[in-house]
Amino acid sequence: MKRVLVTTGGGDCPGLNAVIRAIVKRASQEQDWEVIGSIQSFDGILREPTEIMVLDERVVAGIHIQGGTIIGTTNKGGPFAWPIKNRDGSWDAVDRSDEMIRKLQYLGIDAVINVGGDGSQRISQQLYEKGLNIIGVPKTIDNDLSATDFTFGFQTAVQIATEAVDKLVTTASSHNRVLILEVMGRNAGWIALHAAIAGGAEVCLIPEIPYDIDKVKEKLQSRYNRGKGHAIVVIAEGAMPIGGELSTEASSEVGYHNLRLGGVAHKLTHELKQAGLEADIRETVLGHLQRGGVPVAYDRVLATQFGVKAFEMILADQFGQMVSYRHPDIIAVSLLEAINHPNLVSPQSALVNTARGVGISFGD
Ligand code: F6P
């Protein structure tokens, strides 16, 4: 019997369960494969006692429509930076990757499929360089991984953000207000851009196009005539004014190395008031609602394609590679290519041009 270990790492994302199900269903078509899930990414392997579960067709039945991941996830620590507590109460990180690889051998794991975003795929590459038979599956609602046209979870997040814009429009128009919607997107404004176009927002602020607050104010002011009118601003959490800085919040969570973003909508309200905008302004922070719930059909399909391909890459010995969607194909690309640079919105792209074409201002 051969064994493939499946891990889901980083922030969760609608479609993870559809990937897991597809791996199990495809593996069941081969005579001699067993699929094992590690709980909370590689932590399940590193913990004592080990936390793993057998993933068979019975366990994965129907899970493609569920959000989250049945094997859990984490965006803290990991095999190369495992947090340990010192006697004085402070925390250090230790490299437990060699120990983990030995444990995988002991458990009879022949191959690993690591489903995750850029941080997780960096771990995949490091483990591959240490000799592990590993394959990456890209995941992120932010759609900021290059080497793939889309990641699953993104369309679901866009749908949720668009529905939020639709709801905000009715209350904004009733009160003649400016309503600001803060969406996720650390480095990339894909969610904000798609939701702004789909929802018909007036302003879209994204990390890739730093904004001039006076231009934003002008656009919003132009929506008002003698106090009547309304406007919607969609802002990505990583957006900033020209020459400005990211809006961040300190995190005291052990092993959490990401910069925690937050507060950009609030900051924008303040800047608009300072710039002299007279309209009433309210903010909505969509937050983790964008990552929760049932994946839309598109994400279920893409996730299923990724799961089937990942298992077939194991059969073809395509280790050190990541599954990728290059329309209309599902292909294998090197992990190195995938983690080399992020997938950002190009200010010159057709989509930005479309947005400008329907009058959306980027504040530039
Ligand atoms: O990377 C995906 C993402 O959703 C980012 O857009 C966001 O900044 C981050 O995760 C939030 O992560 P957490 O769940 O740790 O708050």
Side-chain angles (χ1 to χ4, degrees), residues 142 161-162 164-250 259-287 290 344-349 351-364:
D142 291 359
T162 302
V165 174
D166 294 347
K167 291 187 167 92
L168 292 177
V169 167
T170 62
T171 171
S173 72
S174 306
H175 284 268
N176 299 122
R177 282 173 170 162
V178 169
L179 285 187
I180 303 174
L181 177 68
E182 177 178 323
V183 299
M184 283 186 173
R186 307 176 69 79
N187 318 300
W190 293 110
I191 297 175
L193 179 55
H194 281 252
I197 295 173
E202 280 66 41
V203 174
C204 176
L205 303 177
I206 58 176
E208 295 89 339
I209 307 179
Y211 60 86
D212 174 340
I213 193 65
D214 291 323
K215 299 245 171 75
V216 179
K217 184 213 144 190
E218 253 168 55
K219 172 72 183 179
L220 296 174
Q221 200 69 62
S222 73
R223 293 279 302 169
Y224 286 84
N225 182 15
R226 279 179 273 171
K228 292 277 162 32
H230 69 277
I232 303 291
V233 179
V234 182
I235 184 167
E237 60 185 348
M240 59 184 110
I242 295 165
E245 286 173 6
L246 281 174
S247 302
T248 59
E249 286 172 7
L259 199 54
R260 203 156 165 218
L261 302 188
V264 76
H266 192 61
K267 204 168 108 186
L268 181 65
T269 301
H270 183 69
E271 290 167 350
L272 286 169
K273 289 280 174 205
Q274 291 257 319
L277 185 71
E278 281 164 12
D280 292 347
I281 310 173
R282 295 291 188 272
E283 309 134 22
T284 300
V285 180
L286 205 46
Q290 290 158 97
L344 303 180
V345 175
S346 161
Q348 285 77 40
S349 62
L351 203 56
V352 169
N353 186 53
T354 298
R356 292 192 198 279
V358 291
I360 295 174
S361 165
F362 290 88
D364 60 339

Within this structure, what is the [atom1]-[atom2] distance for the pair [X] and [Y], rounded to the nearest 0.5 Å?
{"X": "L272", "Y": "K217", "atom1": "CG", "atom2": "NZ", "value": "9.5 Å"}
{"X": "C204", "Y": "L181", "atom1": "SG", "atom2": "CG", "value": "10.5 Å"}
{"X": "T248", "Y": "R186", "atom1": "OG1", "atom2": "CZ", "value": "10.0 Å"}
{"X": "L261", "Y": "M240", "atom1": "CG", "atom2": "CE", "value": "9.0 Å"}
{"X": "L220", "Y": "I281", "atom1": "CG", "atom2": "CD1", "value": "7.5 Å"}

Under the salt bridge (Lys or Arg N to Asp or Glu O under 4.0 Å) test, residues paired with [X] that sit two or more places apart:
{"X": "R177", "result": "none"}
{"X": "R282", "result": "none"}
{"X": "D166", "result": "none"}

Would you indicate whether the side-chain heavy atoms of [Y] and [X] approach each other to under 4.5 Å?
{"X": "M184", "Y": "D142", "result": "yes"}
{"X": "V345", "Y": "L351", "result": "no"}
{"X": "H266", "Y": "V285", "result": "no"}
{"X": "H230", "Y": "L179", "result": "no"}
{"X": "L193", "Y": "F362", "result": "yes"}
{"X": "P241", "Y": "I213", "result": "no"}
{"X": "D364", "Y": "R356", "result": "yes"}
{"X": "K219", "Y": "E202", "result": "yes"}

State whether the side chain of [X] and the backbone N or O of [Y] hold a donor-acceptor pair below 3.5 Å, judged by distance alone.
{"X": "E237", "Y": "G185", "value": "yes"}
{"X": "Y211", "Y": "A239", "value": "no"}
{"X": "E208", "Y": "L344", "value": "no"}
{"X": "S173", "Y": "T170", "value": "yes"}

Considering all heavy atoms of both residues, which atom of [X] and which atom of [Y] are nearest to each other, and what is their separation?
{"X": "V183", "Y": "A161", "result": "CG1-CB, 4.1 Å"}
{"X": "V352", "Y": "S346", "result": "CG2-O, 3.5 Å"}
{"X": "V169", "Y": "G199", "result": "CG2-O, 4.5 Å"}
{"X": "D212", "Y": "D214", "result": "OD1-N, 2.9 Å"}
{"X": "I206", "Y": "A192", "result": "CG2-CB, 3.9 Å"}
{"X": "A196", "Y": "I360", "result": "O-CD1, 3.7 Å"}

Checklist entry - Near E245 CD, under 6.0 Å, is it more than 12 heavy atoms from other residues, nucleotides or ligands? => result no
Next on the checklist: Test side chain to side chain contact (heavy atoms under 4.5 Å, CB included) on H175 and D280; report intermediate values, then the result.
Outcome noted: CA-CA 8 Å; H175 284 268; D280 292 347; over 6 Å; no
Item to check | Candidates V178, I232, L268, V233 - the one meeting side-chain contact (heavy atoms from CB on, under 4.5 Å) with V203 | outcome: V233
